[in-house]
Amino acid sequence: MTIKPTPSLARVKTVLIADDEPSMRLLVHATIESDEYMVLEAADGDEAWTLIQKFRPALVLLDVQMPGMDGLSLLRAVKADPDLQQTHVILLTAKAQETDVEAGLIGGADFYLTKPFSPLDLLTRVEEALQL
Amino acid sequence: MPQPGETRRKPGWSLARYMGLAVFALVAVTACAALFVRIQSEQDATQAASNDATFAAQKAGGNIQSGLDTIQAVTAPIAADPGTAAVFADPSTCKIGYAPVGPFAEGHIDLIQIDGSVVCSSLKPAAGTASRPYQGQEWLAATSRAIVAPVLDPVTGHQVAVFAYPIAGLGVIAWFVDLAPLGPKLSSEFGSGTHQLEFVMANSHGVVIARSIDPAAWIGQDISGTTFARSAATGLSPDLGGTPRIYGTWSFPDAGWRLYVGADRESALAAGDQLANRDLVIVLAGIGVLLMLGFIIHRRIARPLQQLGLRVRDARPGDSSARTVSGAAEIEALDEDFERLMASVKSQLAERLKSEEAAKVSEHNYRALFEGHPQPMWIYDIETLAFLDVNDATIQTYGYSREEFLAMTVEAIRPPEDVAKFKELVVNPPVADRSGPWRHRYKDGEVSQVLITSHLVRFAGRDARFMMAENLTETQRLETELHQAHARVEAEAELSKMKDELVSMVSHELRTPLASVVGFAELLVSRPVTDGQRKEYLGVMLQEGRRLTALINDFLDLQRIESGRETMRLAPADLGALIERAVVAAGADVTTPIEIKLAPGLPLAMIDGDAIHRVLGNLISNARKYSPAGGRIVIGAGLVAGMVHVYVRDHGLGIPRESVPLLSQKFYRVDTSDRRLIKGTGLGLTISKRIVEAHGGTVEVRSEGLGKGSVFTFTLPIALQRDTSGDVLVVEDDAGFAHLLEAELALKGLTIVWAVDAESAEALSQRHVARAIVLDLLLPGLQGEDFLRRFRAVHGPNVPVVVVTVKSLEPDESLVLQKAGVTAILRKGPGTAKAAAELIVLALVNEPVAV
C-alpha cells in the first residue's frame, strides 16, 4: 500500500486501486496521478476491503479477477454498506464476456473497462466519477 | 460288482477257517493236557499206593512189635518167679491161660522140661499126646529168650512162632503163637482201603512167617532167592504169586523178622486212571461246550456275514431283492444299514444317470449349435491366447484350416496395428461383453469389421473365452458409425467446452500483460513524461512483453504436447550429464546453490533429452522462484522399482496441502501474499507434467506445508537392452537428422542406437560397442572431438567413424580428426544422411571379423 501525501488530507478525496498485478497498479496509478485526490493501492481483495472501510474512498478501481475477495464480491460489499453509498466503483477486467459486464453493471458499478484499456479513457471515467 | 480285468483284493481267511483253527488248537491242547493228566495221575496213584503200603507197614509193624513187647513184659517175670519153678515140682499147681496179645490172637503157653515133656499147658491135655513132644527142640537148650518161627507145633500141628524163656535148670516157659491167622488179622486190621494190601513177614533166613493171602500155603516156604526177596525192599516188586505190588517194609531187630506190606499196583493204577478219566471227561465236556459255542457263532455271525458279503457282492443298484440276512443283532443291523445304503445308492445313481444323460444331451445340443452356427465362433485360451476350438463358419470365413487355427493364437487374425489395442483388452477383460467394431484379418489379407460377443468359459479344463464374430451388416455399420458419430460429437462438445474455458483463461492471462504494454505505450505517446517515468514505463513494457512471449510459447508448447503433435523422440541418455547441463543452464545463484546427488550405477534413461532438459529447467526455476529467502536446492536421481526417479528439493515457501492437487492445472498459481511478486506463466508445471507423462512417467509433489519447502519428483523409463544396441551409434543432438540417418541405414539393413549427447554415447559404448559411429561435433555437453579421442583410447582404432557437422572446419581441425581415425567428414546439408549411410556401409564391408 502506498499513500501519496496531499496538501490537505482531510479535505481531499481518496481513490483506491485494487489489482493483484503490480504492473497494472503502476499503470493505473500513473494514469490517474493527481493533486486533487489521494491514491491508495491494494494487492488483493481482502486488503482492498480493509482500506475501503478505513478511508471510505470516493472511487474504487477494482480488478475483477483477484485473489481473496474478487472484484464482484467487493462491489457487492460496497453497495451493501450504507456508509459507502457515495462510493463510486469502476471495474477493470480481463474477461471479455458480456455476462461479466452485465454482472458488473447490475451490481451497481459506474463503469466497466476491459483490458487492454486506454489510460486516457480511464482518466476520463475517473474524473467523471469524481465530478471534478 | 467286480468287472473283468479288475483286480480283486486277495481275500483273507474266512471266519469259519479261523474258528476251525481255534478248534484244532483246542483239541491239540486238550490231548496234551489229557496225556499230562494221565502221566501225572499214574505217578500220583503209584505214590499214593506207596504211601499207603508204607503207612500200613508202620502201623502193622508197630502192632506186632507192641505184641512182642507185651509178651516180653509178661513172660520174663513169670520165668524168674520161684512159683513157676514150684510148678515143675508139683504139676498139679499148673494153672496157665492164654490171652491174645496184639496181633497174636491164638496159641498156647506151656511150661516144658528140658527133655521136651510138657509140665503145664494152657491147652487141655489131649489124648494121644506124646510124653515128650518137644524133645530135641533147639530152643529148649537156649540160655536166654529165644524167638523161633516158623515152627510146626507137634502138639497142635499148627505153624507157630515160639517165644521161649529159660527157667534155670528146669526147662522153659514158651509161647506158641499160631501164625496162620496172623496174616489175615493184619490184613483185616490194617489192610482196609483201596489198595488190597498184602502182608508178608519173613524171618532172617528168608522163610515166610506169615502171609495175609493164602497163609497156609506159604508159611514155612523159603523164599530167599525169589524175585520178591530181591526187590521187595526197593518198593516195586511182584509178590510171591507174581502180581506186581508196591511195598512198604518194617523190621523187628530183636526177632530178626521183616514185614512187607504190598499194595496192588494194578488197582492203584486203575484208581489213578479213574481220576485221570474223570479229568478227561471234564476237559472233553469243556471242548464240547466250546464246539457248541463255535457252531453257534458260525451260525449267527460267520454265516450271516458270508451271506451279507454275497449280498454286497451281488448287489446291483436297482435290485430290490427282499432277501435279508438273519444273524446276530449287530449283523442284522449291518444288513439293515446295507439295505439303506443300497437304497440311497440306487436313488443317487438314478439321479446321476439322469443328469449325465441331460449333460450329454445338452453338450450334444451345444456342440451342434457351435459346429453348425452360421456365425464364426471360436474358443481361445485366455492365458496363451491359443485357439482351442473353431467352428466351420470360422474356417470358411477366415480361410484357415482347423489345423492351422489350432496352431495359431488369436492375435494372428488381427491386423498387426490392432494387436496392442487387443492385448490391452485381454489384460483386463470383462466377464462377458459385446464390443466392436474390431478389425479382423482373413488369411487372404482382407480385413473385415466385426462385432464380437464374448464370454468367459471353461473349456477342456482351461480358462477360456468364447467368441462369436458378426460381420457388420450395412445397417449395423451405419448404426455403429452413427453411434461413433454421436460419441465424436459429444467428445467434440466436451473439447469445445474445454477450449472455451481455455480461451477465457488464456484471454485473461494475455490481456493483463497486454494491458500494461498498450497502456504504458499510450501514456508515453499521449503525455509528457519525465526521463525517470519513461524509463520506468519502458521497463514495465519490456517485462510484460517478455511475459507475453513466454506465455504464448508455453501455451503453444502445451497445445502441441497435449494434441500429441509433439512426439517424444526417445533415446537412451545419461541423466547425470543432462542434469548437470540443466544446472549449468540455470546459472549460478549464491542464495540458492544447487547440489546434485546421483545414485551410483544409474542406468541410461529412455528419454527425449530436450524435453527432459526443459522439465529440469522448469523445476529448478520454480525452486528458485519459490525460495525468495534463498536456500539450498538439491537435485537427485536414483533407480526405484525399474524407473529412474528424479527429484528437485527446495527449502523455500512450500505448498499448502490443499493446493497440491491443483498445481498441475493450467495457470494455477499458489496464491499467498508472499508469492505475489513471483513471476510465472502458470504453465510450467503443466508442461513438465505432460512431458513426463508422455514418457510414461509421473510427477509427484510433496510439501511438508507452508514454509517447509517442496519436493518435485518425476519418474522416467530406463533404457532396455533393445534400446541400447544397434549396428551404428549415432551421436547427434538433432533428432531430425538422427531419424533421417536411421531411415537411410535401415534401407541398408542396419539398425541404429541413438545418443543425443556424447556422455550418453560413452555410457552406451560401455555396454555395447557399435560396428560404426556417426558423430556430430557440436553437442550439448562434451564435444564430438573429445568423445572421439576418449572412445579411441578405450575401444581402439577399429570402429569406423563418420563425422557430420554444420561447422566449417579449419584445416588443422580436420587434421586432428583424421589422426583420430575418422573415415570421412561430411558437412551437413541435403543428402548428407544418405551419403553418411553409404560411407558406413563401405566401411563395414572391410570390417574385420567381429570377435
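What you see is a predicted model; the values in this text were computed from it and never measured. In what follows, chains are A, B, ... by sequence order, proteins preceding strands, each numbered from 1.
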### Message
So, using salt bridge (Lys or Arg N to Asp or Glu O under 4.0 Å) as the criterion, who are the partners of B:Arg534 when residues are at least two apart?
### Response
B:Asp531
### Message
Evaluate B:Phe712 against B:Val646 for side-chain contact (heavy atoms from CB on, under 4.5 Å), listing each step before the verdict.
### Response
CA-CA 8 Å; B:Phe712 287 76; B:Val646 183; over 6 Å; no
### Message
Between B:Asn618 and B:Ser621, do the side chains contain a donor N or O and an acceptor N or O under 3.5 Å apart?
### Response
no
### Task
Could I get the full list of side chain to side chain donor-acceptor pair (under 3.5 Å) partners for A:Asp46, not counting sequence neighbours?
none
### Query
Pairs in or reaching into residues 69-92 of chain A: which pass ring pair (Phe, Tyr, Trp, His ring centres under 6.0 Å), with residues at least two apart or in two chains?
none
### Query
Under 4.0 Å between a Lys/Arg side-chain N and an Asp/Glu carboxylate O for B:Arg488 and B:Glu494?
no
#### Entry: Contact origin within A:Leu122 toward chain B - heavy atom pairs under 4.5 Å
neither
## Note on the structure
Filtered by a 4.5 Å non-hydrogen cutoff, the part of residues 512-525 of chain B contacting chain A is B:Thr512, B:Leu514, B:Ala515, B:Ser516, B:Val518, B:Gly519, B:Phe520, B:Glu522, B:Leu523
